[in-house]
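Computed from a prediction, not measured in an experiment: that's the story for all the values here. Per chain, numbering begins at 1; letters A, B, ... match sequence-line order.
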There are 2 protein chains.
Amino acid sequence: MTAVGTQYSSNRRDQLIEAAAACFDRDGFDGASIRRIAAEVGMQTASIYYHFEGKDDLLVAVHERGLRSIIEATSRAIEGIEPGWDRVQAACTAHLHTLLGEEPIFKAIMAPLPSTLGVREQIVEMREAYEQIFRDLIDELDLPDGTDRRHLRLILLGAMNWSFTWFRGDRSDIEAFAGSVVTDLRAPLDTGR
Amino acid sequence: MTAVGTQYSSNRRDQLIEAAAACFDRDGFDGASIRRIAAEVGMQTASIYYHFEGKDDLLVAVHERGLRSIIEATSRAIEGIEPGWDRVQAACTAHLHTLLGEEPIFKAIMAPLPSTLGVREQIVEMREAYEQIFRDLIDELDLPDGTDRRHLRLILLGAMNWSFTWFRGDRSDIEAFAGSVVTDLRAPLDTGR
DNA sequence: GTCTATATGCTGATAGAC
DNA sequence: GTCTATCAGCATATAGAC
């Protein structure tokens with residue numbers, strides 16, 4: 001065990017989170033099995049319960065790690081950029097690079113959740129902490145009177161998050177889509193038009 | 001059994017499709033169980049296998065019925081409207097009313113599919129037949145040079161289809177969101193601005 | 001067409017040894 | 001911390017009577 005501030009972590013626990021994220025992404029939360037997650041790190045099923053209370057807890061842990069990481073990445077991407085559409089652009093590009101990149105954990109933390117999930121509310125709350133970044137960015141924009149800023153945020157995030165259902169491509173395709181997302185929304189709403 | 005053209009149907013079969021759609025919507029495909037679907041129409045589990053080959057086949061049947069219905073609804077909504085953004089607007093409003101309305105089958109046919117699903121490709125193909133309507137609508141638009149029409153379609157459908165993850169509201173909220181979707185995308189690309 | 005009964009397998013989770 | 005062994009439950013699917 002290594003202490004990092006008040007956060008404790010171990011290699012084994014981290015490995016389990018990573019394996020769980022890959023399984024949740026590939027098979028969905030319901031489709032993933034504790035047995036297989038354990039097998040992927042060379043453990044027995046029962047050993048998982050030393051590190052986590054159960055499958056739900058594992059999903060929460062995946063979100064804790066993934067969201068902390070994407071919040072850092074997106075925050076860093078908008079650092080030093082003036083408020084306005086350029087800043088939104090930077091955030092969207094970072095969001096899509098993270099979401100559509102190689103690490104499956106980010107697809108897992110954006111995927112729609114089973115409505116029957118016990119820890120659903122808790123996870124929705126965690127996701128909202130990330131979406132606050134976009135809330136702030138859109139609040140900073142100079143928009144035409146009557147523009148619904150909440151809708152604008154939901155359109156932006158919806159267009160991006162839905163992309164995991166159809167996207168098959170490389171880095172340059174990600175950049176191109178990020179460009180389209182902001183261009184298609186920016187021009188009609190840009191007060192400097 | 002009643003013959004309708006080459007399509008055969010029975011009340012029981014239809015009831016099963018309806019019950020399956022509700023379960024798939026509420027519990028997800030993996031979370032839904034054949035047992036419960038049967039119970040909801042007052043049948044025994046085994047009796048389902050007289051009407052359908054298995055769970056996958058049931059999902060395909062749900063899509064056949066739901067997609068046929070939403071294709072009709074959206075086609076009817078754009079009838080008689082001149083090509084252009086007004087037509088896109090009409091299609092989006094119809095799409096959102098159907099998707100976010102009372103009948104769960106339409107949420108079931110737009111939900112992301114487990115990537116491990118055997119009949120996945122078949123269903124994706126069926127969905128594309130519906131999305132062809134939007135492909136055509138966007139092809140008809142007069143847009144600035146360099147606009148990526150495929151991206152525009154994916155942004156539009158993504159923004160709308162993601163709404164099932166957050167939308168809680170009534171008819172007037174649906175109208176309002178449909179308005180935002182088109183307004184936010186329309187102005188900048190509208191050559192008549 | 002629908003039933004009862006059942007085969008077979010996988011699930012999350014626990015008990016307790018080491 | 002990790003193991004072996006196991007529990008209890010639910011899953012899809014099938015066989016065969018009526």
Calculate the interatomic distance between [X] atom [atom1] and [N] atom [atom2]; express it in whole Å.
X       : N      : atom1 : atom2 : value
A/Tyr50 : C/dT14 : OH    : P     : 17 Å
A/Asp27 : C/dC10 : CG    : C1'   : 14 Å
A/Phe52 : C/dG12 : CZ    : P     : 15 Å
B/Glu53 : D/dT14 : CD    : C1'   : 14 Å
A/Leu58 : C/dT11 : CG    : P     : 15 Å
A/Phe29 : C/dT11 : CZ    : C1'   : 12 Å

Discussion item. Under the rule for ring pair (Phe, Tyr, Trp, His ring centres under 6.0 Å), what residues qualify as partners of B/Tyr130, not counting sequence neighbours?
Written reply: B/His95, B/Phe134
Discussion item. Which residues pass the ring pair (Phe, Tyr, Trp, His ring centres under 6.0 Å) test with A/His63, not counting sequence neighbours?
Written reply: none
Worksheet entry | B/Arg149 (side chain) donor-acceptor with B/Ile138 (main chain) under 3.5 angstrom |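 Here the side-chain-to-backbone pair exists.
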Response to the item:
Note: contacts of residues 30-49 of chain A with DNA chain C (heavy atom, under 4.0 Å) are A/Ala32, A/Ser33, A/Ile34, A/Arg35, A/Ala46, A/Tyr49
Worksheet item: Are any non-hydrogen side-chain atoms of B/Ile123 and B/Leu117 less than 4.5 angstrom apart?
Response: yes
Discussion item. Assess the residue pair A/Phe167 and A/Trp162 against the criterion (ring pair (Phe, Tyr, Trp, His ring centres under 6.0 Å)); give the C-alpha distance rounded to whole Å, side-chain angles, the decisive distance to 0.1 Å, and a yes or no.
Written reply: CA-CA 9 Å; A/Phe167 187 85; A/Trp162 192 252; over 10 Å; no
Worksheet item: Just wondering, more than 12 heavy atoms not from A/Glu40 lying within 6.0 Å of its CD?
Response: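 Yes, the 6.0 Å shell around CD holds more than 12 heavy atoms from other groups.
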